[in-house]
Amino acid sequence: MNAVEVRKVSKNYPLTESQFGRLRHLFGAAKGAPRGGLWALRDVSFSVAKGEAFGIIGANGSGKSTLLQIITGILRPTSGEVEVNGRLAALLELGSGFSPEFSGRDNVYLNGALLGLSREEIGARFEVIERFADIGEFISQPIRTYSTGMVLRLAFAVAAHVDPEILIVDEALAVGDIGFRQRCMRRIHELRAGGATILFVSHETGDVKALCERCLWLANGTMQAIGEADEVVAKYLSASVRKEAEQHEVVAPALFVPSLPNGVNGHRYGDGRASIAGAALVDAEGRTVREMAAQDRLVLRLRFQAKAAVASPIAGFLLRNARGENIFGTNTAREDYPLPAMQAGDAQSVDFHWTAPGLAAGVYRISLAVSDGRVEEFAVCDYVEDALEVTADGSAARGYFELKCAGVTVQRN
């Protein structure tokens with residue numbers, strides 16, 4: 001039995017001026033297929049296994065939030081059906097389910113009761129929820145006095161600590177500060193490791209790839225792709241860049257990866273004004289590096305060629321671990337090495353010199369990019385994901401990477 005089953009779900013919003021008509025449509029399914037109106041979803045079907053992390057991506061207005069509201073029971077579909085098996089906690093619109101006049105404490109108990117927990121069960125979890133939310137004495141103040149970030153903190157703390165069998169997160173983490181967002185992602189990974197089912201919606205495709213095995217891409221309410229997260233995210237990003245390129249009358253490159261030294265093939269997208277012609281990770285003597293250890297001196301060599309005018313080229317790279325999490329990266333603009341403008345046919349090579357950090361044992365992949373613009377605003381000309389592959393021996397790391405300790409001081413008290 002799957003945790004979530006979505007079968008041919010469609011949702012239509014009729015374009016009517018009648019308040020009665022809008023209310024009838026909101027709280028009940030239509031008896032027949034509407035002749036007009038706005039289709040937010042059309043024939044969406046998928047299943048999520050128990051214990052699976054499933055991502056949903058798409059541009060604003062693609063139907064993601066409508067789909068989650070149908071899954072949680074907030075909305076009814078115009079057609080199709082949804083089956084949910086397990087206790088479900090959802091973090092959708094900020095403040096949904098909170099009474100603005102109640103205190104944070106009272107809202108914790110209210111939300112817990114709505115999820116089927118007894119007052120004693122909520123009381124046993126309250127200290128953990130309060131500590132995770134970390135909003136201090138505001139826990140005793142009405143929700144209407146909270147900032148947006150404080151509402152997020154409390155809402156996530158409740159949703160993530162009521163032992164959900166299914167947790168749904170819809171974009172809410174985007175408004176949080178970086179420290180709390182990282183804490184939330186750690187908690188989501190903990191729930192995932194404990195067997196919870198996760199439905200995760202985010203514009204941060206790196207988070208989707210790091211957390212989810214599979215992914216659904218929605219556009220204009222219809223399914224564009226479903227499958228392995230890496231593959232679906234790549235198709236989504238490629239389509240997004242192609243759409244941007246078409247709007248600026250730029251021809252995007254064909255979706256293939258150039259032949260690179262180690263033969264690793266990844267996904268590729270960009271507006272096509274410049275393309276990466278080759279790359280290699282080498283040591284100080286120019287020999288290809290396939291395994292690195294802490295403090296190894298490395299050079300990442302990147303060569304690219306212009307197919308049209310590129311006023312302010314930027315070359316860069318990003319190193320990711322096997323889970324797709326960003327470890328580090330840089331580019332010529334951040335390093336304050338401006339590159340000369342390019343015309344069609346011009347080529348440039350860039351060497352990035354760096355010392356290998358002490359990374360955890362495993363396989364790491366390097367993505368390459370060439371863009372046009374500034375650090376604050378740029379257009380991607382060519383992005384080759386997972387172009388190079390290197391292994392870290394892990395001898396120095398006790399975690400993601402090694403952090404050098406400057407010293408130890410001991411005092412007797």
Side-chain angles (χ1 to χ4, degrees), residues 4 46 48 51-60 62-65 67-68 71 89-94 132 148-149 152-153 155-157 159-160 164 166-219 224-241 266-267 269 317-329 360 362-367 369 380 383 385-386 399-401:
V4 177
F46 64 92
V48 183
E52 181 182 7
F54 187 84
I56 302 175
I57 59 175
N60 291 332
S62 61
K64 306 186 301 297
S65 295
L67 176 58
L68 293 190
I71 293 173
L91 189 62
L92 303 179
E93 295 181 4
L94 284 179
F132 191 96
T148 300
L152 165 64
R153 285 172 173 267
F156 185 90
I166 304 169
L167 177 66
I168 296 179
V169 180
D170 179 17
E171 291 294 356
L173 300 185
V175 303
D177 61 78
I178 184 63
F180 184 74
R181 184 175 174 278
Q182 290 176 345
R183 194 189 316 171
C184 292
M185 289 305 300
R186 286 196 299 269
R187 179 57 181 162
I188 291 174
H189 281 286
E190 289 173 0
L191 290 169
R192 171 77 179 85
T197 303
I198 310 292
L199 267 68
F200 187 71
V201 172
S202 178
H203 285 298
E204 294 290 339
T205 54
D207 288 344
V208 174
K209 291 169 60 176
L211 176 67
C212 304
E213 297 95 342
R214 293 192 304 133
C215 184
L216 166 66
W217 168 25
L218 288 176
Q224 302 298 302
I226 185 171
E228 185 181 345
D230 280 358
E231 296 286 340
V232 176
V233 166
K235 291 177 181 178
Y236 166 65
L237 293 176
S238 177
S240 299
V241 173
H267 307 296
Y269 61 86
F317 72 95
L318 180 64
L319 182 77
R320 290 192 178 99
N321 63 16
R323 296 173 64 180
E325 296 167 319
N326 298 343
I327 303 301
F328 70 90
V363 174
Y364 293 80
R365 295 182 175 90
I366 301 173
S367 297
V380 178
Y383 175 87
E385 187 173 67
D386 299 342
Y400 279 91
F401 57 88

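Owing to the predicted nature of the structure, the values given are computational and were not obtained by experimental measurement.
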Is the shortest heavy-atom distance from the side chain of [X] to the side chain of [Y] under 4.5 Å?
X      : Y      : value
Phe317 : Phe328 : yes
Leu218 : Ile57  : no
Gln224 : Tyr236 : no

Inset, instruction - May I have the step-by-step check of side-chain contact (heavy atoms from CB on, under 4.5 Å) for His189 and Arg186, ending in yes or no? - result: CA-CA 5 Å; His189 281 286; Arg186 286 196 299 269; 5.8 Å; no
Inset, instruction - Using a cut-off of 6.0 Å, state whether more than 12 heavy atoms not belonging to Lys235 lie near its atom NZ. - result: no
Could you tell me the separation between the [atom1] atom of [X] and the [atom2] atom of [Y], rounded to the nearest 0.5 Å?
X      : Y      : atom1 : atom2 : result
Arg365 : Leu318 : CZ    : CG    : 13.5 Å
Trp217 : Lys64  : CH2   : NZ    : 12.5 Å
Arg153 : Cys184 : CZ    : SG    : 8.0 Å
Arg320 : Glu385 : CZ    : CD    : 5.5 Å
Glu52  : Arg214 : CD    : CZ    : 4.0 Å
Tyr364 : Ile366 : OH    : CD1   : 12.0 Å

Legend entry - Trace of the side-chain contact (heavy atoms from CB on, under 4.5 Å) decision for Val208 with Phe54: CA-CA 8 Å; Val208 174; Phe54 187 84; over 6 Å; no
Legend entry - Donor-acceptor under 3.5 Å (Ser367 side chain, Asp386 main chain):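 Indeed, once roles are kept as given, a pair shorter than 3.5 Å links the two residues.
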Inset, instruction - Indicate yes or no for a side-chain donor-acceptor contact from Thr197 to the backbone of Gly51 under 3.5 Å, with no hydrogens or angles considered. - result: yes
Inset, instruction - Assess whether side-chain contact (heavy atoms from CB on, under 4.5 Å) is satisfied between Leu211 and Ile198, documenting all intermediate values. - result: CA-CA 9 Å; Leu211 176 67; Ile198 310 292; 4.0 Å; yes
Inset, instruction - Could you verify whether a donor N or O on one side chain and an acceptor N or O on the other, from Asp170 and Ser65, lie under 3.5 Å apart? - result: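 A donor-acceptor contact under 3.5 Å links the two side chains.
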Inset, instruction - Report the C-alpha separation of Cys215 and Ile56 in whole Å, then their side-chain angles, then the decisive distance to 0.1 Å, and conclude whether the side-chain contact (heavy atoms from CB on, under 4.5 Å) test is met. - result: CA-CA 6 Å; Cys215 184; Ile56 302 175; over 6 Å; no
